[in-house]
Amino acid sequence: MNRTNYIFVTGGVASSLGKGIISASLAKLLQARGYKVTIQKLDPYINVDPGTLNPYEHGECYVTIDGAETDLDLGHYERFTNQPTTQANNVTTGRIYSEVINKERRGDYLGETVQIIPHITDEIKNRIKLLGNEGDFDFVITEIGGTVGDIESLPFVEAVRQLKWEMGNQALVVHLTLIPYLAAAGELKTKPTQNSVKQLLQLGVQPDILVCRTEHHLNINIRNKIAQFCNVETTSVIESIDTETIYNVPILMKEEGLDTEVLRKLNIKDNKKAVFTQWNNFLKRLKNPTHEVNIGLIGKYVELKDSYKSILESFIHAGAKNLCKVNIQMISSETINEDNLNDSLKKLDGILVAPGFGNRGIEGKILAIKYARENKIPFLGICLGMQCAVIEFARNVLGKEDANSTEMNARTKFPVIDIMDEQKDIHNLGGTMRLGGYKCQLSKDSNAYKSYNKEIVTERHRHRYEFNNIYRNEYINAGMKVTGTNPKRDLVEIIEIENHPWFVGVQFHPEYSSTVANPHPLFVGFIKAAKEKTKL
Ligand code: GLN
């Protein structure tokens, strides 16, 4: 196609309806027809990026290959489309304002009064159009975070209004709403949807397609009613029924005709057949497991599943690959102690120790690792999880009782994990870590190599501290192998333990790059090892 089409996805009635999943599903449907698609998330909060946000706020911080700390929805986009996203795919109010204020300070506005309209909205519009201009995409899908009616999202909705006007039939708006079911009345209610469309209309935006989240099927009468009240065609009322896995959503959207409706509204000939073989194969494997494993996810944000979103999704991909149902037990590292250790962990076929920052829960993580090491339970340690494995080994095998990371104890006698020199003078917290993709060279004689089947891999990072190379030989002599290193700077990226079926700690984050099409090799290897353990 020789033009880029812009699809805006807004949300009404309530938050958490799954705009990210709908956007990713639509992208998948268009991609399956052979179109080039990218997805962007606009977040109305004032943080420049989510890097400094506590996971309790908006869930995990997702990291792109170019080192951007972004919203977790970008993870869904990548997992569904198997295409990398970049900094340009996530824009926050904070980023827009800091750019406009920088321009104002430089004098770029030549004495004008700088205002929300047009300066802020122009900056938003530029960020949207930039993706289309740069990427040679047939479709740019832009998801507007928040719910229509929020004060914060007003400039974004205004930018959508202007773009829709400028672009004519090159742009359309998909509005996601909720049709609640009132059990007492035994009825589905359309009024909240009508009201949220009215709110959009007040802002000058007529949605073209309504995607309606619902717990019960929408019959034709309800569809007609919604259509009539909201100025859309009945075929543009798309049902999005609750389903047991998010990976069903593209198929459900296809059955409802979301993609054909989008093409029709944009006047694009519907002449490409969608190819869904790979996705359907994945679903078939996911739904027909022959084995089952119990994995403990040891972390400190276990009350909120979104904090470990990418890890949980990686397990789903790796489970399907292994035809294995993966039951995840979230275990708070703060609750683990010497007395309950055995009871908490004895039923597990694999232990994953999660990434994290700061001291809280660290000793529980170290105890869980000791248990995995001594009882030969398959273990995967990610980032802080790997660092804890290094600390555990120092304390319990190398006999360095006080060993620690200088993040946890700046005065430890044995700083086996230490801050990198170039990080020492940094005082700002935002965007100042070792971030994004770095190469890692694997040694052939390792479980890591067996999983990847490659000598050089690129993996995403997000941390300040590193394995302290001063101690490297002591570790190797005592049976902890260094099986992956950064070829340029000789930093330790992967550690493993001899005489253990599968004990792998990685300084990087494999979970950010696991997708439906390419489940991450380390998660696949880890689940395979857990599966082997169940057979013993
Ligand atoms: N807190 C550790 C560091 O900064 C680990 C970070 C992480 O697990 N992402 O190095």
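For ligands, and for the atoms within them, numbers begin at 1 and follow the listed sequence. Side chains are part of it too, since the values below use all heavy atoms of this structure and drop only hydrogens, waters and symmetry mates.
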J.: Are F526 and F379 an aromatic pair, judged by ring center distance below 6.0 Å?
T.: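 No, too far apart.
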
J.: Can you tell me which residue and heavy atom of the protein come closest to atom 7 (C) of ligand 1, and the distance to 0.1 Å?
T.: C383 SG, 3.0 Å

J.: Pull out every atom of ligand 1 sitting under 4.0 Å from any heavy atom of E407, numbered as shown with elements.
T.: 1 (N), 2 (C), 3 (C)

J.: How about F282 and Y247: are their ring centres within less than 6.0 Å of each other?
T.: yes

J.: Backbone, side chain, both or neither: what part of Q387 comes under 4.0 angstrom of ligand 1, heavy atoms only?
T.: side chain

J.: Considering all heavy atoms of both residues, which atom of E363 and which atom of R395 are nearest to each other, and what is their separation?
T.: OE1-NH1, 2.8 Å

J.: With a 4.5 Å heavy-atom cut-off, do F315 and I295 have their side chains touching?
T.: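 When only atoms from C-beta onward are counted, I295 and F315 do touch, with a gap below 4.5 Å.
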
J.: Check for me whether H509 has a heavy atom closer than 4.0 Å to any atom of ligand 1.
T.: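 Contact present.
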
J.: Among protein heavy atoms, which sits nearest to atom 9 (N) of ligand 1, and what does the distance come to when rounded to 0.1 Å?
T.: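 In this structure, atom 9 (N) of ligand 1 has R462 O, 2.9 Å as its nearest protein heavy atom.
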
J.: Aromatic ring centroids of H461 and Y512 under 6.0 Å?
T.: no

J.: List the closest protein heavy-atom neighbour of atom 6 (C) of ligand 1: residue, atom name, distance to the nearest 0.1 Å.
T.: G356 O, 3.3 Å

J.: Note the single closest protein heavy atom to atom 4 (O) of ligand 1, along with its residue, its atom name and the distance in Å.
T.: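 Among all protein heavy atoms, the one nearest atom 4 (O) of ligand 1 is R464 N, 3.0 Å.
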
J.: Are Q31 and Q83 side-chain neighbours, meaning at least one heavy-atom pair lies under 4.5 Å?
T.: yes

J.: Does NZ belonging to K528 count more than 12 external heavy atoms closer than 6.0 Å?
T.: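 Not buried by this count: 12 neighbours or fewer within 6.0 Å.
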
J.: Do ligand 1 and L384 have nitrogen or oxygen atoms that lie under 3.5 Å from each other?
T.: yes

J.: Considering only the protein, which heavy-atom contact is closest to atom 10 (O) of ligand 1, and what is its distance?
T.: Y465 N, 2.8 Å

